[in-house]
Amino acid sequence: MTDWLGLADRPSLVMGAGGIGGASAVALARNGARVLLVDVDQEHLDAVRRDAKEAGADLDTLEADLRTPEACRDAVAEAVSRLGGLDVFLHAVGRNIRKPVLDLGDDDWSSIVNLNLSTAYWSGQAVGKVMTERGYGRMVFVSSVSGLLAHPHHAPYAASKGGLNQLLRVMAREWAPHGVTVNGVAPGYIETDLTRAYLDKDGIRENLTALVPAGRLGRPGEVADAVTFLASDRSAFVTGQILFVDGGRVLV
Ligand SMILES: NC(=O)c1ccc[n+]([C@@H]2O[C@H](COP(=O)([O-])OP(=O)(O)OC[C@H]3O[C@@H](n4cnc5c(N)ncnc54)[C@H](O)[C@@H]3O)[C@@H](O)[C@H]2O)c1
């Protein structure tokens with residue numbers, strides 16, 4: 001098989017072994033990348049490793065809680081040490097708390113902004129140092145349609161994703177001269193652990209599906225396909241972009 005994507009042997013760090021991060025890690029590994037996958041949940045890591053093996057690939061794992069600057073920097077340093085460098089980085093950790101603004105507690109706000117946005121900044125900064133020195137890099141952050149749309153009961157989540165979009169655009173501008181591209185994928189409604197319980201509530205799946213021009217929810221593998229392109233050599237002249245993977249949701 002030819003390496004059309006230019007991913008073979010690329011040292012790659014993926015943060016987040018959930019539905020989207022897991023599918024993306026497997027897709028990168030299937031295309032020949034050497035992947036270190038990081039998550040706080042060892043069961044998620046083991047499950048993705050099994051999926052990779054079933055797909056005829058393999059990946060390395062690291063259990064870590066990424067909620068501090070030190071933890072993010074340590075994970076990046078561990079990736080550089082285990083993989084011998086870093087060409088590809090995917091940030092796919094995130095959480096949502098659904099409450100009206102008036103019901104939000106201080107911890108609701110800070111915990112979502114910390115996990116969704118601050119970990120992206122801390123790890124992106126550490127990865128950026130490595131990639132700009134080497135003169136090559138592909139960074140991808142998982143944003144959301146919530147970075148653009150004003151869904152009720154999504155205040156900290158929407159603010160963190162809007163902030164993430166601007167963070168990655170500034171990184172993209174600063175690091176473009178060094179051969180480093182920085183992009184985001186913005187999924188619509190994808191069925192994963194993040195959304196499953198909510199989608200299973202009475203009428204929610206039907207109501208949300210009705211808002212998607214494609215007439216269905218998305219699959220993690222469809223987000224992974226977009227990540228794979230942005231992580232590949234084929235996207236060399238694409239930077240600072242947010243690629244919506246949403247079946248047309250933001251058109252409505
Ligand atoms: N599923 C969707 O519909 C959807 C839509 C838009 C955006 N997103 C975004 O995609 C990204 C991934 O979401 P997902 O759907 O795969 O969710 P998921 O819940 O399946 O995965 C999230 C992963 O993050 C890990 N994690 C949580 N806290 C952590 C911590 N402190 N340290 C390390 N790992 C931690 C979890 O263990 C889990 O494996 C998130 O940024 C989310 O906001 C998801």
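In what follows, every heavy atom counts, from backbone to side chain, and hydrogens, waters and symmetry copies are set aside. Start at 1 and go down the list; that is how both ligands and their atoms are numbered. As the structure is a computational prediction, the values presented were derived from the model and not from experiment.
- For ligand 1, the polar-atom distance check finds an N/O of Thr192 within less than 3.5 Å of one of the ligand's N/O atoms.
- Taking 4.0 Å as the cut-off between side-chain N and carboxylate O, Arg82 and Glu78 count as a salt-bridged pair.
- Rounding to the nearest 0.5 Å gives a distance of 9.5 Å between OG of Ser144 and CG of Asn116.
- In summary, of the residues considered (Arg205, Arg216, Arg219), a salt bridge (Lys or Arg N to Asp or Glu O under 4.0 Å) with Glu191 occurs for Arg205 alone.
- Once rounded to the nearest 0.5 Å, the distance linking CG of Asp3 with CG of Asn31 reads 8.0 Å.
- With ligand atoms numbered from 1 in the order given, ligand 1 contributes 28 (N), 29 (C), 30 (C), 31 (N) to contacts under 4.0 Å with heavy atoms of Leu115.
- Val185 and Ile242 fall into different hydrophobic clusters, where Ile, Leu, Val, Met, Phe, Trp and Tyr side chains are chained together by heavy-atom contacts under 4.5 Å.
- Among all non-hydrogen protein atoms, the one lying nearest atom 3 (O) of ligand 1 is Ile190 N, 2.9 Å.
- Residue contacts with ligand 1, taken as heavy atom pairs separated by less than 4.0 Å, involve Ser143 solely via the backbone atoms N, CA, C and O.
- For the atom pair CG of Leu115 and CG of Leu66, the computed distance is 8.0 Å after rounding to the nearest 0.5 Å.
- Atom 5 (C) of ligand 1 has as its closest protein heavy atom Gly188 O, 3.1 Å.
- Taking the side chain as every heavy atom from C-beta outward, Met139 and Trp175 approach each other to under 4.5 Å.
- Residue Asp41 approaches ligand 1 through these ligand atoms, each under 4.0 Å from one of its heavy atoms: 37 (O).
- Close contacts of ligand 1 with Asp193, meaning ligand atoms under 4.0 Å from a residue heavy atom, involve 19 (O), 20 (O).
- Numbered from 1 in the order shown, with element, the atoms of ligand 1 that lie under 4.0 Å from a heavy atom of Asp65 read 30 (C), 31 (N), 32 (N).
- Annotation: Phe229, atom CZ; neighbour count of heavy atoms from other residues, nucleotides and ligands within 6.0 Å is above 12.
- Checked by atom type, the side-chain pair His91/Ser123 shows no donor-acceptor distance below 3.5 Å.
- Atom 23 (C) of ligand 1 has its closest protein heavy atom at Asp39 OD2, 3.7 Å.
- In this structure, the protein non-hydrogen atom closest to atom 20 (O) of ligand 1 is Gly19 N, 2.9 Å.
- The residue among Ala47, Ala92, Gly18 with a heavy atom at the shortest distance from atom 12 (C) of ligand 1 is Ala92.
- Given atom 8 (N) of ligand 1, the protein heavy atom at minimum distance is Tyr157 OH, 3.5 Å.
- Residue contacts with ligand 1 for Asn96 are absent, since no atom lies close enough (heavy atoms, distance under 4.0 Å).
- By the 4.0 Å N-to-carboxylate-O rule, Asp46 lies too far from Arg49 to be salt-bridged with it.
- Only backbone heavy atoms of Ala64 (N, CA, C or O) come within less than 4.0 Å of ligand 1; its side chain stays farther off.
- Atoms of ligand 1 found under 4.0 Å from any heavy atom of His44, numbered from 1 in the order shown, are 37 (O), 38 (C), 39 (O).
- Short contacts between ligand 1 and Thr195, defined as distances under 4.0 Å to a heavy atom of the residue, involve ligand atoms 1 (N), 2 (C), 3 (O).
- Considering both main-chain and side-chain atoms, Gly16 never comes within under 3.5 Å of ligand 1 through any nitrogen or oxygen pair.
- Ranking the protein heavy atoms by distance from atom 22 (C) of ligand 1 puts Gly94 O, 4.0 Å first.
- Among all non-hydrogen protein atoms, the one lying nearest atom 17 (O) of ligand 1 is Leu194 CB, 3.3 Å.
- Counting heavy atoms from C-beta on, the side chains of Thr195 and Tyr189 never come closer than 4.5 Å.
- The shortest N or O to N or O distance between Pro187 and ligand 1 is not below 3.5 Å.
- Asp60 has its side chain out of reach of Val35: every pair of non-hydrogen atoms, C-beta onward, lies at least 4.5 Å apart.
- With values rounded to the nearest 0.5 angstrom, Ile97 atom CD1 is found 7.0 Å from Asp107 atom CG.
- Only the side chain of Lys161 comes within 4.0 Å of ligand 1, judged by heavy-atom distances.
- Residue contacts with ligand 1 for Ala17 involve N, CA, C or O but no side-chain atom from C-beta outward (heavy atoms, distance under 4.0 Å).
- Those atoms of ligand 1 with a heavy atom of Arg67 less than 4.0 angstrom away are 31 (N).
- In this structure, the protein non-hydrogen atom closest to atom 29 (C) of ligand 1 is Val40 CG1, 3.7 Å.
- Listed by first then second residue, pairs satisfying salt bridge (Lys or Arg N to Asp or Glu O under 4.0 Å) with a partner in residues 87-103 read Arg10-Asp87, Asp87-Arg134, Lys99-Asp108, not counting sequence neighbours.
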